[in-house]
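Inspection log for the structure reproduced underneath, given as structure tokens.
Whatever order the structure lists ligands and atoms in, that order sets their numbers, starting from 1. Note that the numbering runs from 1 along the sequence shown for the chain. Below, all heavy atoms of this structure are taken into account, side chains as well, without hydrogens, waters or symmetry copies.
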Amino acid sequence: MRVLTAVFTALVLALAAPVPAHAAGRPPLPGRVVKGFDPPAERWGAGHRGVDFGSAPGMVVRAPAAGVVSFAGTIAGKGVVVVTHGNLRSTFEPVRPTVEVGASVRAGSAIGVLLPGHPCPAPACLHWGLKRGDEYLDPLTLLSGAQVRLLPRDAAGTARTRAGVRAVKAAAETAEQVIDLLPAGRAKRLLKPVAAKVTSVFGRRFHPIFHEWRLHAGVDLSASCGTPIRAADDGVVQHMGYDASGGWRLVIGHAPRGASSFVTQYLHAQGYGVREGQRVKRGQAVGWVGTTGWSTGCHLHFGVKLNGRPTDPARFW
Ligand SMILES: [Zn+2]
Ligand SMILES: [Zn+2]
């Protein structure tokens, strides 16, 4: 809750910070562009949704225009900094952030340090993406300053962000209340379904595909595709199926532990070896880690719902 409060405070500061009226574009690095903007024809198609600057690890990355830092952290294992310039958002990766969310930056302010890892023909490349709403733009237009007009405020984006923050606060508060209702000692610990590091925690995050703030209603456990997924506790398979966002998805219902319902959810799997209605044992292999649905790499998204409300799985480990 303390983390959520801090993040929320930072966000409020970001929303309240003044937004510049005009871009004064400058390249984020002294390197040259080694890969240009090549957006996909289809929204989910292959393509290059930004430009790559060839450089070297450790080079300072600078804001190309004035704005507010709206994200500084890790997405799917990659360091990312996002600077919001009015109605536009610049995304930089892979970068070790040297700024905090909510910081106001000028054109040329240092925002991070370049890390290796982006595929390109140089020792390290900075990938710079530019978005207006859901639309990808050529970041180099920001440098020309000619074709991109910055609105003072993206009202729709701000409303979406505020709604996301409200959803996270509501989920967090509900989780606190429900967990408080559990009799002492009844909140039995869950088994981690994959013995792996949590690469994305429960709570508000900058969505790696939608590039906006959303509630992340579970934790991501990063593991190779094909790694067995184990049932977090004894239960009954309530649902097994495919959908566009969660990919292959499994829901297991468990003994309610004093709440009215307690289920665990498993998303993005390659597949599952169990059927609806089947009883499963704690620790039983029920499927295999995959990257189906809206996913940027092999991982298990693991969620817990208490009385129908998303709850942080980490509360049960
Ligand atoms: Zn790139
Ligand atoms: Zn997830």
Side-chain angles (χ1 to χ4, degrees), residues 27-29 31-40 45-55 61 64 73-82 90-95 114-131 136-140 164 167-168 171 192-194 196-223 225 229 232 243-251 264-269 289-305 310-314:
L29 276 176
R32 70 186 178 90
V33 173
V34 291
K35 191 172 178 191
F37 181 62
D38 177 23
H48 194 229
R49 297 166 167 87
V51 293
D52 291 348
F53 284 78
S55 186
V61 177
T74 305
I75 295 173
K78 269 182 292 189
V80 176
V81 175
V82 179
S90 280
T91 303
F92 302 95
E93 61 178 80
V95 168
L114 183 61
L115 299 171
H118 195 64
C120 78
C125 277
L126 176 72
H127 179 97
W128 174 20
L130 184 67
K131 285 190 88 176
Y136 286 93
L137 305 174
D138 184 347
L140 300 183
V168 171
K192 228 177 178 183
V194 174
K197 237 178 65 184
V198 171
T199 50
S200 185
V201 296
F202 179 90
R204 191 184 64 96
R205 73 166 179 182
F206 193 75
H207 195 281
I209 289 176
F210 295 106
H211 288 250
E212 63 182 40
W213 294 102
R214 294 196 170 192
L215 169 64
H216 185 229
V219 296
D220 290 344
L221 297 162
S222 191
C225 285
I229 298 168
D243 71 61
S245 60
W248 281 108
R249 176 197 288 265
L250 182 75
V251 179
T264 54
Q265 303 172 303
Y266 310 75
L267 270 54
H268 309 302
V289 171
T291 181
T292 55
W294 294 337
S295 165
T296 54
C298 298
H299 78 286
L300 174 71
H301 172 102
F302 177 61
V304 170
K305 274 191 172 179
T311 305
D312 185 357

* For the Zn ion (ligand 1), what is the closest N, O or S atom on D52? -> OD1
* Asked: Short question: side chain of T292, backbone of W248 - any donor-acceptor pair under 3.5 Å?
  -> yes
* Indicate yes or no for a side-chain donor-acceptor contact from H48 to the backbone of G36 under 3.5 Å, with no hydrogens or angles considered. => yes
* Quick check: are there more than 12 heavy atoms from other residues, nucleotides or ligands sitting under 6.0 Å from NZ of K78? -> no
* Is it true that some N/O/S atom of H48, main chain or side chain, lies under 2.8 Å from the Zn ion (ligand 1)? -> yes
* Give a yes or no answer on whether the side chain of S222 reaches the backbone of H299 with a donor-acceptor pair at less than 3.5 Å. => no
* Quick one: angle H216 NE2 - the Zn ion (ligand 2) - D220 OD1, to the nearest 10°? -> 100°
* Whether H268 and H301 hold their rings parallel, tilted or perpendicular, with breakpoints at 30° and 60° -> perpendicular
* Asked: Of all N/O/S atoms in H301, which lies nearest to the Zn ion (ligand 2)?
  -> ND1
* **the Zn ion (ligand 2) reached by H299 (N, O or S, under 2.8 Å)** => no
* What N/O/S atom of H127 is the closest to the Zn ion (ligand 1)? -> ND1
